[in-house]
Amino acid sequence: MCGIFGITDNKDASRIGYVGLFTLQHRGQESAGIVTDDHGSLRHYAGMGLVNEVFNDDVLAQLDGRNAIGHIRYSTAGSSHIKNAQPLVLNSCLGVVAVAHNGNITNADALKAKLQKEGAIFQSSSDSEVILHLAARYRGRTLEDTLARNLPKLSGAYAFLFLAPGKVIGARDPYGYRPLVLGRLGKSYILASETCAIDVAGGKVLREIEPGEMVTISGGRLKSRRFAPAKKFTRCIFEQVYFARPDSVVAGRSVQTARYEIGAMLARELAGVKADLVSGVPDSGTVYALGYAKESGVPYQTVFMRNHYTGRSFIQPDQRLREFTAHLKLAPIRDVIKGKTIILIDDSLVRGTTSRKIVKNLKRAGAKKVIMAIASPAIISPCYFGIDTPTKAELIANRLSLDGIRRFIGADALHYLSLPSLVEACGGGRDRDFCVSCFTGKYTERI
Ligand code: AMP
């Protein structure tokens, strides 16, 4: 994942950039950065940590300029280090250019090795820098021409924002794996990973950037071009399942509505299962449980109090920290749980460690039975397109049978949503509207 946000032609560019990144914070908590264009000089500030830890009033005041791009990082490729914090700024024969990237370039290592052989010196270990080195080698008339020439050399998933003197450029890979939306705020244009960032910044959502499309905003005007023929839209379905904020719209569908519908689908698939209450693992599980309750008539109850000040536990790249924060995060509400048969919904099961802890927690608090319902199918294959999933061997659904997983997590029953139900609830209908390779092991591109 990662979140990107850009704004043009605005005297408060850095501050609106801050608002955008703050709204996208759920997409990554490792580092945050903003670059502004101050009359042709790029001003840059990035740091490790949350958006409101990295930036303060003084820093934002120094980021002068009417165009800005920003990034929040969740490491997928490259280690957790300040040198990988984006946007990256590179000075080359292209002039000074900043880049912010969400996604995963699957041929980055091969491209990097070739470029290094030719003399390129990389600043970071992230895959995002490759495009700028390619651009510096194989140039066109303008920066847009240069990018249009080089982007097709990249495989995998990307939503890019570039900032150069006088322009902001956005581009999305030919499959549209990773999200990028366009909005307007008065005379300003906004490019963002999610619509919620445009809404919160006070703007109006215009449309998604198309697969294989590049937009350039310069002199207050937007120009669009294709740098590659669009393949069939293959948006990552995990955006709806887990990543996107419920107030965002993905693929023309409100994420909240899609999740509510997924909950109802789960209820239909589990028709006849008796329980005293249905609940969700906060926060993302809650809306699924509400949809389930409406469809089934099983009452919704909150079984866990979530401490909102700990951040997302899984999002900490270090295993020790992850375990520590997980204990702080969810506290069972014993009075609701004691003696009850509970249907508990979580969005996904990856290694199984979260569900195992949660079920144990519920049992310790006196639950009679726990029926675990997962709002997505079993994850059997890693993601190569920007979602941080572990290796195939670490994926529990790859190692154990359904009953084996049930026993591992300690639940009395376990059910995964079927793939057709998920795709339908997300507004797809035809498999290929979405990338579902983590559930099928079948990839659109050769890896
Ligand atoms: P696990 O404990 O490995 O089974 O992970 C499943 C839990 O992590 C679920 O509660 C999800 O909400 C959450 N989750 C799933 N995928 C991711 C991801 N790529 N990054 C962060 N959290 C995730």
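Fair warning: this is a prediction, and the values are worked out from it, not measured in the lab. Whatever order the structure lists ligands and atoms in, that order sets their numbers, starting from 1.
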| Cut-off 3.5 Å, side chains only: do S437 and T440 have a donor facing an acceptor? | no
| query | Judged by modelled atom types alone, do E269 and S418 share a side-chain donor-acceptor pair under 3.5 Å? | reply | yes
Using heavy atoms and a threshold below 4.0 Å, how should the contact between [X] and ligand 1 be classified: side chain, backbone, both, or neither?
X: T354; result: both
X: T353; result: both
X: I387; result: side chain

| note | In terms of its nearest heavy atom to atom 14 (N) of ligand 1, the top option of F243, Y74, Y242 is Y242
| Taking atom 9 (C) of ligand 1 as the point of reference, which of V350, V241, D346 owns the nearest heavy atom? | D346
| remark: Per-atom filter on ligand 1: closer than 4.0 angstrom to a heavy atom of F238 are 16 (N)
| field | Nitrogen or oxygen atoms of L349 and ligand 1 under 3.5 Å apart | value | no
| H133 and F122 aromatic centres sub-6.0 Å | yes
| task | Work out whether the distance between some heavy atom of D347 and some atom of ligand 1 is less than 4.0 Å. | result | yes
| field | 4.0 Å heavy-atom contact, S348 with ligand 1 | value | yes
| note | Here the side-chain hydrogen bond (donor to acceptor under 3.5 Å, both in side chains) pairs for residues 365-382, sequence neighbours left out, are S381-Y443
| Is D335 paired with K340 through a side-chain N to carboxylate O contact shorter than 4.0 Å? | no
| Identified side-chain hydrogen bond (donor to acceptor under 3.5 Å, both in side chains) partner of R172 from the options E213, E208, E210 | E208
| said: Determine whether E261 and R253 satisfy the following criterion, salt bridge (Lys or Arg N to Asp or Glu O under 4.0 Å), listing intermediate values before the conclusion. | reply: CA-CA 11 Å; E261 181 59 25; R253 185 126 220 241; 5.3 Å; no
